[in-house]
Asks: 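Pasting in a structure now, in structure tokens, and then I'll have a few things to ask.
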Amino acid sequence: MIENTCQITPAERVRGNITLPGDKSISHRALIFAAIARGKSKIRYLNTGVDVLSTIACLQKVGVHFQLGRYTVNVKSPGLHGWTGEDKTAFNCGNSGTTTRLLAGLLPGQSFESVLYGDESLSRRPMGRIIEPLSKMNALFNSTDGHLPLTIFPSKLKGIRYTLPVASAQVKSAILLAGLLAEGKTHVTEPVQCRDHTERMMKMLGIPIFKKKNTWTVHALKRPIPGFEYNVPADPSSAAFWVAAALLLHKSRIVLSNVSLNPTRIAFLRLLQKAGADIRCSEETRSHEPYGDIVVKSSELQGFSISSRNIPGLIDEIPILALIATQAKGMTRIRGARELRVKESDRIATTVACLKTLGAEIEEHEDGMTIHGPTPLHGGTVKAYMDHRIAMTMAIAGLIASDPVNIEDYSVVDISYPDFFSTLEKIRQ
Ligand code: S3P
């Protein structure tokens, strides 16, 4: 086997109870708000993938202290108005778009100059979408054609009214966070709702944020917020891979505990239920993010349709939904998904290329794909394209294909799910 290539062999079924990693989006935000708060915070069940570690490394640069245990991270911060940095402080955001875009909202209002940079994949991703609204707030940037590295100069921010041209939680969050250091009110209107973890966390911490119709309004942070304790629910986007395995392999049953059931994140579960999936959720709301258990059993599925207004609610689940569609009866159409082209990889091109290699009947469109099923998949060798969600989708393809699937650069799963392959070995039969 070539170095950094793994082989996934076909499985008969998957069974068991799965402990998932903490939600990645919520983990980034819990750390960022612990750095905004003044004093000590404690975060439990943090996602410890490489992306979240990038956020920790960046926040250490502004004087925030972290003590990382197995399940708990203790944070001690001087608070948003006490962040310190050397001149031209360099922040390595690695592969993480969320780290980059959320910090780009908080750094312009600081008194030091910063430079955000990242790996090859992150350096290809568009930053114009944050530069444009934040510049309207008086932030001063220097970038290479809207890409990293991004230099951020200290500036005096002012509030704005802004309507998001792309449905992006990262952009929405960057503006709302910048609003904490801006003079006057900051209003962000989202034509299509996308994940709302930043807003929920602001409310939980008593930060003045209000919603009227589809517009969020935030005021500058006048008083320091105190440290807090927070339990991160499990990641529904990581759950999606095991949901797919259980649905597609006969006589399978899996249980996923304490998964975030935030409605802005689980559109894929609702879509699959409509397509015939036996998925049951028991919801418990014990915190500011709803969460509960999910039980999934093998199911016969029908093809489904996804259009632009559904995309934000299942943006990260499209590659695994495309794999599921290869085994569903009839045609699946995914359109209005152009945003996928600017993720960790061009996920329209990479999903189509990988599934075609394994024998799927799939056509690429500029803004999506059409899949005809059911088509048995054969084995083959596929690339992960530096994209954790493509690597995990291909691992599930390996379980359901007739022959082994070799995945090049499989270790990219560490970005969001370091225990992915050991979990796979535990539940496969
Ligand atoms: C994220 C938002 C989404 C998602 C990404 C995480 C977040 O990106 O794809 O994995 O944590 O806010 P966009 O907001 O750019 O759509």
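Hydrogens, waters and symmetry mates play no part in the numbers below; they use all other heavy atoms, side chains included. When a ligand or atom number is given, it counts from 1 through the structure's own listing order.
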Asks: For atom 12 (O) of ligand 1, which of His28, Arg29, Lys172 has the closest heavy atom?
Replies: Arg29
Asks: I'd like the name of whichever of Ile26, Thr98, Asp51 reaches closest to atom 6 (C) of ligand 1 through any heavy atom.
Replies: Thr98
Asks: Pick from Ile334, Thr350, Ile315, Thr351: which one makes a side-chain contact (heavy atoms from CB on, under 4.5 Å) with Leu340?
Replies: Ile315
Asks: Hey, is ligand 1 close enough to Ser168 that some N/O pair sits below 3.5 Å?
Replies: yes
Asks: What I want to know is whether Gln170 and ligand 1 share at least one N or O pair that is separated by under 3.5 angstrom.
Replies: yes
Asks: Which of the listed options, Lys343, His197, Glu344, Arg101, holds the heavy atom that is closest to atom 16 (O) of ligand 1?
Replies: Lys343
Asks: Are any of the N/O atoms on Ala169, whether in the backbone or the side chain, positioned under 3.5 angstrom from an N/O atom of ligand 1?
Replies: yes
Asks: If you count the atoms of ligand 1 from 1 in the order shown, which ones are under 4.0 Å from a heavy atom of Ser25?
Replies: 1 (C), 6 (C), 7 (C), 11 (O)
Asks: Looking only at heavy atoms, what is the nearest atom pair of Ile348 and Asp367, with distance?
Replies: CD1-C, 3.7 Å
Asks: Have a look at ligand 1 and work out which part of Glu339, if any, has a heavy atom under 4.0 Å from it: side chain, backbone, both or neither.
Replies: neither
Asks: Would you say the rings of Tyr410 and Phe421 are close, in the sense that their centroids are separated by under 6.0 Å?
Replies: yes
Asks: Regarding Asn214 and Glu190, is there a side-chain donor-to-acceptor distance under 3.5 Å anywhere?
Replies: no
Asks: Nearest protein heavy-atom contact for atom 10 (O) of ligand 1: which residue, which atom, what distance?
Replies: Asp316 OD2, 2.9 Å
Asks: At a 4.0 Å threshold, what atoms of ligand 1 neighbour a non-hydrogen atom of Ile315?
Replies: 9 (O)
Asks: Is it true that Phe210 and His219 have ring centroids separated by less than 6.0 Å?
Replies: yes
Asks: Mind checking whether Tyr162 and Trp216 have ring centres under 6.0 Å apart?
Replies: no
Asks: Does a salt bridge link Asp196 with Lys203, judged by any charged N lying under 4.0 Å from a carboxylate O?
Replies: no
